[in-house]
Structure formats: C-alpha cells, structure tokens
Amino acid sequence: MRVFRGHTKAVNCCHFCFEDSKFISSSHDCTAKLWDISSGRVIHVYGNEHTALISECTLTSDNERMMTSSYDKTVKCWDLHTGKVLWSVSLDGLVTSCNVSVDGKLVACSLDVKNAVCIIDATTTSAVTCLNGHHSSTVTRCQFDPETQRVCSVSSDGAIKLWDMVAQRTVITINQAHSNVISDCDFSLNGRFLCTASWDKSLKLWDINTGEFRHRGPNILQGVHNGCISACEFSKDSSILVSGGYDKTIALWDVDAARKKLVLKGHEDWILDVTLSSNKQWILSSSKVAYLYFLFN
C-alpha cells in the first residue's frame, strides 16, 4: 500500500490514465492533479480556474482532455498535457457531476438547480439537451453508456433514469431503486449491467441490456459495508466490481457470483472514490482526509 499526499482538502475523484502509469485526482481544494505512480510525484496541477470545489473530473479515452465540474457553476475542458483550459461553460446551478462520452464528443453533467441533467457538445460547447426536473431531488451522478446511446442519472430521490439520446426520451425509470440516496452509478463495459451504490449500504446490479431486472429485480450486494457506499466501478472485463464507503473500507466483488471477494482497510476517514487499473492489479481510492491510497491487489 502506498499513500499519495498533495491535496489540501478532501479528494473526491480519481482515475487511472496513460496505461495505468499515471492517475488524475480532483479535490475540494479547487484543483486537479496528474500523478506519476512510479515516482509518487505530482506531474501537473490544474488550478487557478475554479473558484469553488471540484465535484468530479473525467478523462477522454485518448487521455488528451479532462473535464471538471464544480460548485462554481461551471464545467471546464482542460488540455491534459499543457494544463490550459480549452473551454468553460457556465450553467445555472452547482454542477454536482460530469461524464464524457467514449468518443469524447459529449459531456453530461448534473445540476442542483431544477434537479437537471444537461448534455453539452464538447466541440461547440452548446447545450444539446437540458432535462429540467428530471428527478424530484438532487442528481448525484450521471454517466453515458458504452455506446453513447443512453445517459444514466441517479439521485438523492432514490431513483434511476436512463435517457435515450436517439429517441430523446426517458426509456427506463426505476423509482425507489434504493431506500436512500444513490451516490454513484457505473455501466459495465459490455453494456449489460448498471451498478448503483447507495447510502442504504447496498450495491445493486441491474441487467438493463436484456431487461431481466423488470421480472427478477437486481442482484443485491450487501452485508459488507456498514456505512454509506460512496463509489463503485466495474473492471474493464466486467468480471470484478470495486466499491468504497464511509465505513473506510474497500470491497471487491465477483460480478458473476454476486458475492464478496475481498475487503481492504487502511483509510482513516470516508472513502469518496475508488477505481481499478486495466489489468485488475491495482486499486486507487481517494479520501475525505486529502490523500490517496494506492492498494496492490
């Protein structure tokens, strides 16, 4: 286990990049940082632009650009190599999350005002769609599916919604999907499963590709975290799921068997994000106490 220190406030987001040789992080200290894993050093600081905490950072698949969302009501696109802001879009409310499509052409973001989800053209910076009143409470996370055909949004209202980009309508609504706030969501790369993480201490796997969840419900993963679950992510091959929570633990799950594989401890405070390397050998997690752990699987 290695610890990376550098942010001055809670680190709420982290992602591997550049073939798992580096990772990006964002923080409540209004900065994002690019780290070299082998040396443990910060390569670049992306700062002096956001005036309030960064809620999320997300990378294009070619590792050329980074999008950041912030409580300063903006979404910004950065050149990952030069650190320059390529564009900035101002929105009506606090931006609680952002996600970039696989092809890098679209950015989805969620707003606290009107419980909205907005989709931005990453080339023209114009709004493609803005779904006001999409949920009945704050939208906590949004994500494109692997084919960029649908956008999933989850909310503190406990609901899941999938917006179809072609049909321009909500094609799946699951009300009361969880009994408490849904904090995170993630699509498996094969597009079959959607995982949702919740403050009700459970993870749920929804087979949205076949629609089987309509008859059998989701696979429920629980009994490991004894506090709110804050983050979840599938491995690239969709065989493993990793989760992190406010109980300061990380759990690894076997997706096919829908059971726990491993529980890791070491954080001193709430875990806010977790991610897996492409080869499933490393786990990166970020914490409320302003540093990151690099856990070797």
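Just so it is clear, the model here is predicted, and its values are computed rather than measured.
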Can T96 and S110 be said to form a side chain to side chain donor-acceptor pair (under 3.5 Å), step by step?
CA-CA 6 Å; T96 57; S110 54; 2.5 Å; yes
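- Of the options D184, D157, V154, a side-chain contact (heavy atoms from CB on, under 4.5 Å) to T140 is made by V154 and by none of the others.
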With side chain to side chain contact (heavy atoms under 4.5 Å, CB included) as the criterion, how do K161 and V139 come out once you've worked through the C-alpha distance, each side chain's angles and the decisive distance to 0.1 Å?
CA-CA 10 Å; K161 292 195 175 186; V139 182; over 6 Å; no
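- Of all heavy-atom pairs between I160 and I182, the closest is CG1-CD1, 3.9 Å.
- Residues D164 and L162 fail the side-chain proximity criterion, which asks for heavy atoms closer than 4.5 Å.
- Other residues, nucleotides and ligands contribute at most 12 non-hydrogen atoms within 6.0 Å of the NZ atom of K73.
- Evaluation of the salt bridge (charged side-chain N to carboxylate O under 4.0 Å, His left out) rule for D207 yields R192 as partners, not counting sequence neighbours.
- I54 is not connected to V42 by any chain of hydrophobic side-chain contacts under 4.5 Å among Ile, Leu, Val, Met, Phe, Trp and Tyr, and they are in different clusters.
- One N or O on the side chain of N99 and one on the backbone of F144 form a donor-acceptor pair closer than 3.5 Å.
- Atom CD1 of residue I208 and atom CZ of residue R150 lie 4.5 Å apart, to the nearest 0.5 angstrom.
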Report the C-alpha distance between T170 and H134 in whole Å, list the side-chain angles of each, state the deciding distance to 0.1 Å, and finish with yes or no for side chain to side chain contact (heavy atoms under 4.5 Å, CB included).
CA-CA 9 Å; T170 301; H134 197 48; 3.3 Å; yes
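- In this structure a side-chain-to-backbone donor-acceptor pair under 3.5 Å is present from S188 to F193.
- Here the OG1-NE2 distance, from T249 to H267, works out to 10.0 Å after rounding to the nearest 0.5 Å.
- Other residues, nucleotides and ligands place more than 12 heavy atoms under 6.0 Å from the CG atom of D62.
- The CD atom of E56 sits 10.5 Å away from the SG atom of C109 when rounded to the nearest 0.5 Å.
- Between atom OG of residue S235 and atom CG of residue L189 there is a gap of 9.0 Å, rounded to the nearest 0.5 Å.
- Other residues, nucleotides and ligands place more than 12 heavy atoms under 6.0 Å from the CD atom of Q168.
- Between K33 and G6, the closest heavy-atom pair is CE-O, 3.6 Å.
- In this structure, the side chain of W87 does not engage the main chain of T123 through any donor-acceptor pair within 3.5 Å.
- Using a distance-only test at 3.5 Å, with no hydrogens or angles considered, no donor-acceptor pair links the side chain of S27 to the main chain of T31.
- Between H225 and W253, the two ring planes are tilted [angle within 30° to 60°].
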Chi angles and distances behind the side chain to side chain contact (heavy atoms under 4.5 Å, CB included) call for K9, L53
CA-CA 9 Å; K9 293 183 179 179; L53 68 85; over 6 Å; no
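- C57 places a side-chain heavy atom less than 4.5 Å from the side chain of H15.
- Nearest heavy atoms, H81 versus N63: NE2-O, 3.8 Å.
- Considering every non-hydrogen atom in both T51 and D72, the closest pair reads N-OD2, 3.0 Å.
- Aromatic ring orientation, Y46 versus W78: perpendicular (interplanar angle above 60°, classes split at 30° and 60°).
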From CA spacing to verdict: side chain to side chain donor-acceptor pair (under 3.5 Å), S26, N12
CA-CA 6 Å; S26 63; N12 57 8; 3.1 Å; yes
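- To the nearest 0.5 Å, the span separating CG on L252 from OG on S243 amounts to 8.0 Å.
- Counting heavy atoms from C-beta on, the side chains of W35 and S25 come closer than 4.5 Å.
- One hydrophobic cluster, built from ILVMFWY side chains closer than 4.5 Å, holds both I283 and V3.
- V263 and W282 sit in two unconnected hydrophobic clusters of ILVMFWY residues. Membership requires side-chain heavy atoms under 4.5 Å apart, directly or through other members.
- Of the possible polar contacts, none joining the K280 side chain to the I240 backbone as a donor-acceptor pair under 3.5 Å is found.
- Looking at M165 and I119, their side chains come closer than 4.5 Å, going by heavy atoms from C-beta outward.
- Between W270 and S230, every side-chain heavy-atom pair lies at or beyond the 4.5 Å cut-off.
- Between S97 and S69, the shortest heavy-atom distance links the atoms C-OG, 3.5 Å.
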Take S285 and V274, measure what side chain to side chain contact (heavy atoms under 4.5 Å, CB included) needs, and give me the verdict at the end.
CA-CA 4 Å; S285 56; V274 287; 3.8 Å; yes
Using atom types as modelled, flag every donor-acceptor pair under 3.5 Å from a side chain in residues 194-206 to any protein atom, sequence neighbours excluded.
from: T196; atom 1: OG1; to: H178; atom 2: NE2; distance (Å): 2.8
from: T196; atom 1: OG1; to: W206; atom 2: NE1; distance (Å): 3.0
from: S198; atom 1: OG; to: V181; atom 2: O; distance (Å): 2.8
from: S198; atom 1: OG; to: D200; atom 2: N; distance (Å): 3.0
from: S198; atom 1: OG; to: D200; atom 2: OD1; distance (Å): 3.1
from: D200; atom 1: OD1; to: H178; atom 2: ND1; distance (Å): 3.4
from: D200; atom 1: OD1; to: S202; atom 2: N; distance (Å): 3.0
from: D200; atom 1: OD1; to: S202; atom 2: OG; distance (Å): 2.7
from: D200; atom 1: OD2; to: H178; atom 2: ND1; distance (Å): 3.0
from: D200; atom 1: OD2; to: S179; atom 2: N; distance (Å): 3.2
from: S202; atom 1: OG; to: H178; atom 2: ND1; distance (Å): 3.3
from: K204; atom 1: NZ; to: A177; atom 2: O; distance (Å): 2.7

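- Atoms CD and CG, on E64 and L80 in that order, are 8.0 Å from each other to the nearest 0.5 Å.
- A donor-acceptor pair under 3.5 Å links the side-chain atoms of N115 to the main chain of H135, judged by distance alone.
- Hydrophobic clustering (side-chain heavy atoms under 4.5 Å, transitive across Ile, Leu, Val, Met, Phe, Trp, Tyr) groups L111 together with M67.
- For the pair Y246/L272, a side-chain contact is recorded, criterion being any heavy-atom separation below 4.5 Å from C-beta on.
- The side-chain heavy atoms of F18 and L34, taken from C-beta on, include a pair separated by under 4.5 Å.
- Annotation for T129 and L131: closest pair CG2-CD2, 3.3 Å, computed over non-hydrogen atoms.
- D20 contributes a side-chain N or O that, together with a main-chain N or O of S278, makes up a donor-acceptor pair within less than 3.5 Å.
- Other residues, nucleotides and ligands contribute over 12 non-hydrogen atoms within 6.0 Å of the CG atom of D237.
- A donor-acceptor pair under 3.5 Å is absent between the side-chain atoms of S137 and the main chain of S156, judged by distance alone.
- With contacts defined as side-chain heavy-atom distances shorter than 4.5 Å, the pair Y71/D112 does not qualify.
- Linking Ile, Leu, Val, Met, Phe, Trp and Tyr whenever their side-chain heavy atoms come within less than 4.5 Å puts L284 and V11 in one cluster.
- Counting only distance, with no hydrogens or angles, the side chain of D273 and the backbone of C14 share a donor-acceptor pair below 3.5 Å.
- Checked by atom type and distance alone, the side chain of S287 never pairs as donor or acceptor with a backbone atom of I271 at under 3.5 Å.
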